[in-house]
Q: 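Provided herewith is a single structure, encoded as structure tokens, for subsequent inquiry.
Counting starts at 1 for both ligands and their atoms, following the listed order. Index from 1, following the sequence.
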Amino acid sequence: MKVPFATFSPMHNEIRAEMDASYKKVLEAGRFIQGEECHRFEEEFANYCGVKYCVGVASGLDALYLVLKALEIKTGDEVLVPSNTYIATALAVSYTGALPIFAEPEIGTYNIDPSHIEEKITAHTRAIIAVHLQGRTADMDAINRIAQKYNLTVIEDAAQAHGAKYKGKKAGALGHAAGFSFYPGKNLGALGDGGCITTNDEVLADKVRALGNYGSDYKYHHIYQGVNSRLDEMQAAFLRVKLPHLDKWNDFRRRIAKKYLTEITNPLIKLPVDSSEEFEHIYHVFVIRCDQRDELEKFLSARGIGTLKHYPIPIHLQKAYDDLHIHQGSLPIAEEISATVLSLPMYYGMKDEEAEYVVKALNDFRGASNL
Ligand SMILES: *Cc1c(COP(=O)(O)O)cnc(C)c1O
């Protein structure tokens with residue numbers, strides 16, 4: 001048997017006719033940027049998240065960058081980010097001229113550890129980006145409490161958390177503003193790049209909208225030196241087809257996760273913390289840890305099972321951030337996570353036999369000796 005890390009086919013096959021109709025609708029309407037589909041999607045997604053405003057942008061990276069820019073975060077400022085996120089979180093900060101400051105995650109949940117945040121706060125700190133990594137929200141009450149104490153703004157990086165909930169509230173409604181990505185592989189993905197911000201702050205929403213549209217508040221009138229970052233009509237139309245299915249797709253992932261969590265019993269494998277009523281996980285990825293990770297990867301690959309590492313090199317050790325001079329050993333938890341994580345196959349439409357095949361392979365792993 002072969003089990004890919006992920007495939008879109010079962011999802012797209014189910015909604016193929018509606019996707020085809022969307023393409024025709026947009027083609028016939030003849031408006032390809034900032035038309036009806038984009039506006040409708042923004043309303044529907046804001047509704048879904050339980051916030052007042054959603055503004056479509058070109059990517060998740062742009063969403064975070066434009067929020068930071070709208071908050072006037074700039075050179076000389078510092079923004080706290082978890083050390084084990086996707087590099088986009090840190091790049092969004094760097095683009096504003098501010099410094100990303102890396103805080104350690106909790107090893108059990110992979111999310112930023114609130115007890116390691118305060119030690120990183122300085123007189124220059126302006127904001128905390130709470131990443132909801134892997135589809136599990138960060139510990140938002142603790143983060144918001146620290147932010148309030150030091151007068152910092154909390155921004156959610158919800159790129160992996162469409163539909164995830166914290167104490168009954170959706171990701172996107174848990175901080176001052178949030179950035180989402182609609183990169184195809186996300187739980188809600190377009191057929192290309194896309195993103196959005198969500199917020200209850202009308203001034204911020206208007207400013208992000210203008211900044212992403214060449215700094216224009218109305219045609220040929222420019223109030224900021226903005227950029228071009230908009231969600232296309234075509235992608236918005238596809239996202240409108242997908243959004244009503246999102247909860248079902250997330251439930252499906254939780255069911256696969258449940259299977260992995262209850263049936264993988266090999267002591268060499270460390271499982272992630274399960275979804276709970278307080279932290280409703282959407283399992284964007286299902287990440288295990290193993291001290292012999294590279295051997296496990298080979299072992300699974302030899303059995304036709306696709307895996308990925310989210311992420312193999314922590315940001316502070318990436319060449320791109322050489323200039324920060326943060327050395328190996330300075331963020332030991334993030335480094336340990338990078339050295340041991342492996343993401344298992346997880347996708348809508350995965351068959352029970354496929355999940356069972358993955359479980360069996362993991363339970364059969366005996367370490368380097370049985371390669
Ligand atoms: C995917 C992702 C991003 C960036 O989104 P793009 O749409 O690819 O720019 C940012 N943060 C996290 C945590 C992500 O997973």
Side-chain angles (χ1 to χ4, degrees), residues 5-6 8 41 45 54-69 79-96 100 102-103 105 109-112 127-138 140 143 154-164 171-172 174-175 177-198 208 212 227-232 234-236 238-239 242 250 253 272 281-287 308-316 318 320-321 334 337-338 341 343 346:
F5 172 70
F8 296 117
F41 174 73
F45 195 67
C54 167
V55 180
V57 297
S59 71
L61 170 60
D62 282 5
L64 294 170
Y65 164 69
L66 291 169
V67 166
L68 293 165
K69 187 88 185 151
V79 177
L80 296 186
V81 302
S83 47
N84 61 320
T85 174
Y86 184 56
I87 195 167
T89 319
L91 288 175
V93 176
S94 301
Y95 284 179
T96 66
F102 300 107
T109 65
Y110 300 101
N111 273 327
I112 195 166
I128 303 171
I129 303 185
V131 181
H132 306 316
L133 204 68
Q134 305 171 6
R136 179 191 168 90
T137 62
M140 294 307 292
I143 293 167
V154 176
I155 300 154
E156 298 169 75
D157 180 340
Q160 303 189 0
H162 318 72
L174 304 172
F180 283 90
S181 164
F182 302 123
Y183 176 79
K186 309 293 183 180
N187 287 31
L188 179 63
L191 303 189
D193 276 313
C196 76
I197 72 119
T198 56
V208 166
V227 296
N228 175 0
S229 182
R230 303 173 295 212
L231 179 64
D232 311 345
M234 202 63 258
Q235 299 307 339
F238 291 139
L239 289 166
K242 288 189 169 189
N250 284 342
R253 285 172 177 267
H281 208 313
I282 57 151
Y283 292 102
H284 170 60
V285 279
F286 188 96
V287 179
L308 285 175
K309 297 171 200 145
H310 297 99
Y311 298 96
I313 306 170
I315 303 174
H316 65 282
Q318 295 281 2
Y321 278 111
I337 285 176
S338 284
V341 283
S343 303
M346 170 65 78

Q: With the criterion set at N/O pairs under 3.5 Å, what does the list of contacts between the protein and ligand 1 look like, atom names and distances included?
A:
residue, atom, partner, partner atom, Å
ligand 1, 5 (O), S181, OG, 3.2
ligand 1, 7 (O), G60, N, 2.7
ligand 1, 7 (O), S181, OG, 2.6
ligand 1, 9 (O), G60, N, 3.3
ligand 1, 9 (O), L61, N, 2.9
ligand 1, 11 (N), D157, OD1, 3.3
ligand 1, 11 (N), D157, OD2, 2.8
ligand 1, 15 (O), Q160, NE2, 2.8
ligand 1, 15 (O), K186, NZ, 2.7

Q: For the CZ atom on F5, are there more than 12 heavy atoms of other groups (residues, nucleotides or ligands in this structure) within a distance under 6.0 Å?
A: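 Atom CZ in F5 is crowded, with more than 12 foreign heavy atoms closer than 6.0 Å.
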Q: For H162 and F182, take the angle between the two ring planes, folded into 0 to 90°, and tell me which bin it lands in: parallel under 30, tilted 30 to 60, perpendicular over 60.
A: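 Ring orientation, 0 to 90° scale: tilted.
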Q: By the definition side chain to side chain contact (heavy atoms under 4.5 Å, CB included), identify the one residue from I155, D62, V67 that meets it with I197.
A: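 Among I155, D62, V67, the one meeting side chain to side chain contact (heavy atoms under 4.5 Å, CB included) with I197 is V67.
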Q: Describe, in one word, how the ring planes of Y65 and Y95 are oriented to each other, choosing from parallel (under 30°), tilted (30 to 60°) and perpendicular (over 60°).
A: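 Geometry flag for Y95 against Y65: perpendicular rings.
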Q: Look at the side chain of Y321 and the backbone N and O of A90, then say whether any donor-acceptor pair between them is shorter than 3.5 Å.
A: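 Side chain of Y321 to backbone of A90: a pair is present.
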Q: More than 12 non-hydrogen atoms from neighbouring residues, nucleotides or ligands closer than 6.0 Å to NZ on K69, yes or no?
A: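 No, NZ of K69 has 12 or fewer neighbouring heavy atoms, counting only those of other groups under 6.0 Å.
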